Amino acid sequence: MTATQERPSDEVEKEIGRDRRRKEDQRLITGRTRWTDNITLPGMLHLAMVRSPFAHARIVSIDTSAAKQATNVVDVLTGADLGEALGVNINAWPITPDQVTPTHSPMPSDRVAFAGEIVAVVVARSAAEARDAAELVDVEYDELPAALDLKESAADAVLAHPDLGTNKSAYWVFDSGEAGTGGSVEDAIAKARTDGIVIEREYRQQRLIPAFMEPRSVVVDPTGEQLTMWSATQIPHILRFALAATTGVPESKIRVIAPDVGGGFGGKLQTTPEEWITWAVARRLGKPAKYTETRSESLMSGHHGRDQWQKLTLAAEKDGTVTGFKVDLLADLGAYVSLVGGGVPVLGAFMFNSIYKFPAYRFAVQTVLTNKTWTDAYRGAGRPEATYAIERIMDELAVEVGVDPLEIREKNWIKHEEFPFTTVAGLEYDSGNYEAATARAKEMLGYDELRAEQRRRRESGDPVQLGIGVSTFTEMCGLAPSRVLGSLDYGAGGWEHASVRMLATGKVEVVTGASAHGQGHETAFSQIVADRLGVAFEDVEVLHGDTQVAPKGLDTYGSRSLVVGGEALVRAADKVIEKAKPIAAHLLEASVDDLEFSGGRFSVRGTDQGMAIGEVALATFAAHNLPDGVEASIDADATFDPEAFNFPHGNIINPLIVSGQVHGGLVQGIAQALWEEAVYDDSGTLVSGSFVDYLLPTAADTISFEIDHTTSPATTNTLGTKGVGEAGTIASTPAVVNAVVDAVRHLGVNDIQMPCTPERVWRAINSAGSGGSTEGAAMPHFESGGEMGNQEQPGTSSTEGAGA
Amino acid sequence: MIPAQFDYLAPTSVEDALAALSEHGDDAKIIAGGQSLLPVLRMRLNAPEMIIDLGRIESLRGVRDDGDAIVIGAMTPHAVVGSDPLVGEHAGLITKAVEHLADAQIRHRGTFGGALAHADPAGDLGAPALALGAEFVIQGPGGTRRVAADDFFVDLFETAIGEDEILTEVRVPKHTGWGSHYEKFVRVAHQWPIVAVAATVRVEGGTIAEARVGLTNMGSTPLRARGVEEALVGQPATEDAVRAAAERAAEGTNPPSDLNGDADYRRHLATVITRRAVLAAAGA
Ligand SMILES: Cc1cc2nc3c(=O)[nH]c(=O)nc-3n(C[C@H](O)[C@H](O)[C@H](O)COP(=O)(O)OP(=O)(O)OC[C@H]3O[C@@H](n4cnc5c(N)ncnc54)[C@H](O)[C@@H]3O)c2cc1C
């Protein structure tokens, strides 16, 4: 065995921290890759769905005879035809034991509960023929009254599911007094009413639509020993589990592949009726089948996000020290309780206190069923809503106290020397330095100069007024730990799995259970392993998204891949080194204790003897000369389950990817503030059903960003990383709305409902300026039962979103 | 989405295209750039059995000088119109309108004639055509006729073009030396205008000698803001004078109410945007 000379480790450039271009981008951008819709199997059939145009209707009859006669149509099937084989779509997170959960058939045969629900499926030899024949399916409906407005539905005015007797699904409460994490919020409010400040507001989180670039697509091949499903999903592992649990196929007979997936933002964190129907059809006909949704279908029936009314009461002392915060939410579930749906507001429950240290807090959410598209996670899931509420109302408090919005925040936030800090919501924040981050942001922005300019413009009555908005925030990210998720009755754990396989040629295969859909895992994970094992970045191959290759995992969402999956990877890599060490020692004829590992090389301390890990891999592969009793493999697996959530920002593996995540997140958050809104009409039809009416920003609409990170390495994982995938989205929304309101506050405006359209701004200015009954203007010392905020009430305006 | 099945013809002369139109009657539809027709087909709002493509008829492309008018072929893509020097010199208003019409990809596919024939009240070319007093050259089985802009736009998606006719070219009277501006109000960049105003003015020694103002999306067809035009003539090209004239922008309009704005908001927008457009056109 030869002992090689290698470069000293300090000369090897570290991969972690490098601006690596993403190795996966070439194939993703050119589309020359395995998108699900690119997959074509021999004899494959194509599906087209027949969908209800009504929000709520009884299905009287379905006549499929004409469609069955159409060219190259193989079959037309309804829910009744498929029966039990259809399975059900499940809710994995009942947030209370008594949650009211309607049964969700992928294709109901008696009653439809939202416009876009599937009532029949056409199977043909080509997608075009399937679509043509779908027009020929004749469905007779008996229209029922629809529960559309969130507030009215919460009062059970019209029932979304008459058999359930109520629209109220679950009522979930966190009370710091009861939990022992703080005082009673009612006491705090009562005290503030006598000698402090009480601010009451009602804010609307409009309904949003996750609009990923690749529409959902699913292919099922029933012809092998294992049934295979390819799906454009974020969650191949959870999908496999759910298929097994609800369709009677043993898990061992199911292989799920999420090939390259083009974006998700939470929208592909779902098990969908379309997947279940394609599964059932392929099994019934014994042929591969494909369904790819159109963009219109995606907007109409893929799950939506947000959609809440937030009723807020903030109590403070006269100097602006917050003493309590009470949050009452109504959350629109849509027609069914989706995979995680009811839990989304609960994910926000621990974040309404954000970075502040007030002593009393109460959160209550009522989830409500309506006859609209179901809702579930959308980038940030619960936490943007929480941050919006606290950061908007902090601005109102600043106005009331008469100080700068940053000053009121500083007065209330956790000081850097106070970490670790257990919040009033019971979470332990490991680290943070809000003073430093804010000072840096002020300096970069030229905050004081901008405020001075704002004053000048106010005084001169300039027609162009300046609005300055700030938002601090934190989020719990790295969705994990299992123990906490279990205590919340979440249906799965929060661990992640990784394997490192050392190939004979010195190349490395890394298998992760965190299945990427555009985040750049292949690049970031390669960087981590390259450093850890001292191999070249190019020599690391990251495999994921196939239950046959990566059998264990909990997939990608909630900013968890790097902080949980990355840590599992580090641990697997460390095990590889541990396993390789005795073999290296044996080959180098040295004692294990005399070996050290650095820069990819085992060396005998005090000598120039050593060998690279790739050489150990080759020797292990040959297995000609291994120490006695040592396994002929240096591959390793690891499963990691953190002890706590973590809070951004930590150490950075790849600054370019982090910038990309932050930029994209910022734009998505700004889009909620200014542009996006899912709007239904009075009959429950989605009016914003195409990108002509659902306004997504493009590069032409956005601004350039300057980002700066003040990092506080996480203490919960080896790499010190924290989640960043959702960060930008969460903070930018309240910052922008705060800026819009700040620009016109001198005209008597204290709120503008999202999205802050030019028309809404105009109306806010006019009603305030005309001195009429401006709702909620300057009424911070709130008498109970008074008006709240400036926003239109649902049901009274045609432009009000999902509430109308 | 996938359109319903159709047959396809690509004639190389206007005569052949007209013959095909006559033969297939109601079942036929002309395709120019397809930027409006294809979405209609894909969303299955219409399912013609025969598509007649004008793309191979060379005579319908290009811009030429014809004395006191410039002539724009119906099949000239927006991008070509937008960068054409003759258009820029004699009908600058069109150049300005094309600049912000849709996005670059659509400007390379969509055509001048297709957009006008489509007659979307939110389309960006109707108001400039109206303001410039364009003439529409329409060919049918019985020959060629010219229709004035005032008579061309009939209603929402309806023009003077008969079912068996083809728009071949648009004649735009030269407005050499006129200042012009197209002001488009949108929420996101790639959107059709919520309201837009096309203004072109001839300023003589600081006084507005002539003015033409067209409104986009303030009714079921593009409209002339005649009240504003009258009020501008003889006025100095100043902020105050223009502001006063622009107050009349919403006169006689019937704007829609939709997700992008209620009618009353659009009326308000029309006055503000008219002021901005006229001031920019007058170089004030
Ligand atoms: C995403 C998107 C954004 C857009 N944004 C804008 C915008 O901001 N502003 C704007 O003005 N437009 C916009 N458009 C429309 C664009 O300008 C189209 O190009 C135009 O409306 C139609 O032109 P076309 O050549 O593509 O016509 P086609 O789509 O081919 O045809 C449109 C209609 O006109 C008929 N037709 C076409 N040519 C003739 C002819 N010579 N004689 C008789 N009938 C004819 C066709 O039969 C059809 O009914 C947008 C389009 C898209 C897809």
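A note on names: the letters A, B, ... follow the listed sequences, proteins ahead of strands, and every chain is numbered from 1. As the structure is a computational prediction, the values presented were derived from the model and not from experiment.
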(message) Give me the atom names and distance for the closest heavy-atom approach of B/Gly261 to A/Glu759.
(response) CA-OE1, 2.9 Å
(message) Which one wins on heavy-atom pair count under 4.5 Å against chain A: B/Gln191, B/Arg42, B/Arg44, B/Gln5?
(response) B/Arg44
(message) Do A/Arg131 and B/Pro3 have side chains that approach each other closer than 4.5 Å (heavy atoms only, starting at C-beta)?
(response) no
(request) Indicate yes or no for a side-chain donor-acceptor contact from B/Arg187 to the backbone of A/Leu674 under 3.5 Å, with no hydrogens or angles considered. (result) yes
(request) Please look at A/Ala127 and chain B and tell me whether the side chain, the backbone, both or neither of the residue comes under 4.5 angstrom of a heavy atom of that chain. (result) both
(message) I'd like to know whether CD of B/Gln105 has more than 12 heavy-atom contacts from other residues, nucleotides or ligands below 6.0 angstrom.
(response) no
(request) Over all heavy atoms of both residues, which pair between A/Asp701 and B/Ala189 is shortest? Give the atoms and the distance, please. (result) OD1-N, 2.5 Å
(request) Would you mind checking which part of A/Trp675 comes under 4.5 Å of any heavy atom in chain B, side chain (CB onward), backbone (N, CA, C, O), both or neither? (result) both
(request) Search all heavy atoms of B/Val188 against all heavy atoms of A/Pro697 and return the closest pair with its distance. (result) CG1-CA, 4.5 Å
(message) Just verifying a value: how many Å separate B/Asp103 CG and A/Thr698 OG1, rounded to the nearest 0.5 Å?
(response) 8.0 Å
(request) Examine whether an atom of A/Glu129 lies under 4.5 Å from a heavy atom of chain B, and if so say whether it belongs to the side chain, the backbone or both; otherwise answer neither. (result) neither
(request) For each of A/Thr294, A/Thr292, A/Asp132, tally heavy-atom pairs with chain B at distances under 4.5 Å, and name the one with the top tally. (result) A/Asp132
(request) Give, for atom OG1 of A/Thr757 and atom OH of B/Tyr265, the distance between the pair rounded to the nearest 0.5 Å. (result) 7.0 Å
(message) Which atoms of B/Asp264 are under 4.5 Å from chain A, going by heavy atoms: the side chain, the backbone, both sets, or neither?
(response) both
(message) Do A/Leu696 and B/His190 have side chains that approach each other closer than 4.5 Å (heavy atoms only, starting at C-beta)?
(response) no
